[in-house]
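Beneath this line is the structure, given in structure tokens, with notes to follow.
We name chains A, B, ... by the order of the sequence lines, and we start the count at 1 in each one.
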Amino acid sequence: DSGVTQTPKHLITATGQRVTLRCSPRSGDLSVYWYQQSLDQGLQFLIQYYNGEERAKGNILERFSAQQFPDLHSELNLSSLELGDSALYFCASSTTVNTEAFFGQGTRLTVV
Amino acid sequence: QKEVEQDPGPLSVPEGAIVSLNCTYSNSAFQYFMWYRQYSRKGPELLMYTYSSGNKEDGRFTAQVDKSSKYISLFIRDSQPSDSATYLCAMSEPGGGADGLTFGKGTHLIIQP
């Protein structure tokens with residue numbers, strides 16, 4: 001158990017809908033990362049937060065947004081969902097910026 | 001040129017063999033180097049973490065970093081069928097770069113009983 005908790009584990013939704021993925025980092029970790037992993041693809045960096053502030057942004061679509069709350073948990077919001085958004089979404093956390101990160105078990109999103 | 005290159009495999013070796021997994025990179029600013037193991041559709045698990053150059057050993061695993069060649073390696077001794085997984089290298093700049101942790105695409109390793 002990495003100490004990073006992601007909910008829900010599985011999510012099935014229809015095209016055009018909006019979903020929210022939640023991540024609770026390890027105790028004491030200030031940095032949270034979001035990654036997308038499509039079938040047989042590598043980890044695509046979406047966005048990073050550090051202590052509530054956006055720290056870095058990767059190839060995140062405009063339909064996607066995220067935030068980190070004062071209690072350090074983070075949410076990833078995906079809207080106007082398309083079939084191609086079906087993927088595993090991972091959250092990771094680290095104590096500071098860009099040091100060793102620990103991953104949650106992911107949320108498997110299926111858009112039908 | 002991709003920032004981190006990693007042979008996707010699959011790499012198939014017999015049980016008990018020494019496995020060598022490698023990544024090359026182009027960004028000389030990378031200072032933190034990590035290896036993750038990912039079982040199918042599960043969250044990546046951190047195996048090794050190294051700062052700058054040198055070797056680090058943890059049980060059956062040894063990580064090596066050669067910054068002059070921009071080349072990192074993970075060695076697995078006495079490989080077991082349970083080591084069959086995808087191995088991802090990751091690296092980052094001190095103080096943070098623009099892309100969080102940069103990952104290779106992973107090498108699929110198969111240990112044959």
- Checking side chain to side chain contact (heavy atoms under 4.5 Å, CB included) for the pair Gln37(A)/Phe103(B): CA distance, chi angles, key distance, verdict? CA-CA 12 Å; Gln37(A) 188 175 46; Phe103(B) 281 83; over 6 Å; no
- Query: For Gln31(B), is it the side chain, the backbone, both or neither that has a heavy atom under 4.5 Å from a heavy atom of chain A?
  - Reply: neither
- Message: Using the rule that Ile, Leu, Val, Met, Phe, Trp and Tyr join whenever any side-chain heavy atoms are under 4.5 Å apart, tell me whether Met34(B) and Val32(A) fall into a single cluster.
- Response: no
- Hphob cluster co-occupancy, Tyr71(B) + Ile18(B), side-chain heavy atoms under 4.5 angstrom: no
- Query: Under 4.5 Å between side-chain heavy atoms, hopping through other hydrophobics if needed: is there a path connecting Val111(A) to Trp34(A)?
  - Reply: yes
- How close do Leu43(A) and Pro44(B) get, heavy atom to heavy atom, and via which atoms? CD1-CG, 4.0 Å
- So how far is it from Phe103(A) CZ to Leu88(B) CG, rounded to the nearest 0.5 Å? 8.0 Å
- Rounded to the nearest 0.5 Å, how far does CZ of Arg41(B) lie from CD of Gln105(A)? 12.5 Å
- Item | Non-hydrogen atoms of Ala101(A) and Leu101(B) that approach each other most closely | CB-CD1, 3.5 Å
- Query: What part of Gln44(A) gets closer than 4.5 Å to chain B, counting heavy atoms only: side chain, backbone, both or neither?
  - Reply: side chain
- Task: Identify whether Ile72(B) and Phe75(B) are in the same connected component of the hydrophobic contact network (ILVMFWY, side-chain heavy atoms under 4.5 Å).
- Result: no
- Check each atom of Tyr35(A) against the heavy atoms of chain B and say whether the ones under 4.5 Å are side chain, backbone, both or neither. side chain
- Region of Ile47(A) in contact with chain B, defined by heavy-atom distances below 4.5 Å: neither
- Message: Using a 6.0 Å cut-off, check whether atom CG of Asn59(A) has over 12 heavy atoms from anything other than its own residue.
- Response: no
- Message: A quick test of your reading: do over 12 heavy atoms of other residues, nucleotides or ligands sit less than 6.0 Å from NZ of Lys42(B)?
- Response: no
- How long is the span from the CD atom in Glu100(A) to the OH atom in Tyr51(B), to the nearest 0.5 Å? 13.0 Å
- According to a 4.5 Å side-chain heavy-atom criterion applied to Ile, Leu, Val, Met, Phe, Trp and Tyr, with indirect links allowed, do Leu76(A) and Leu109(A) form part of one hydrophobic cluster? yes
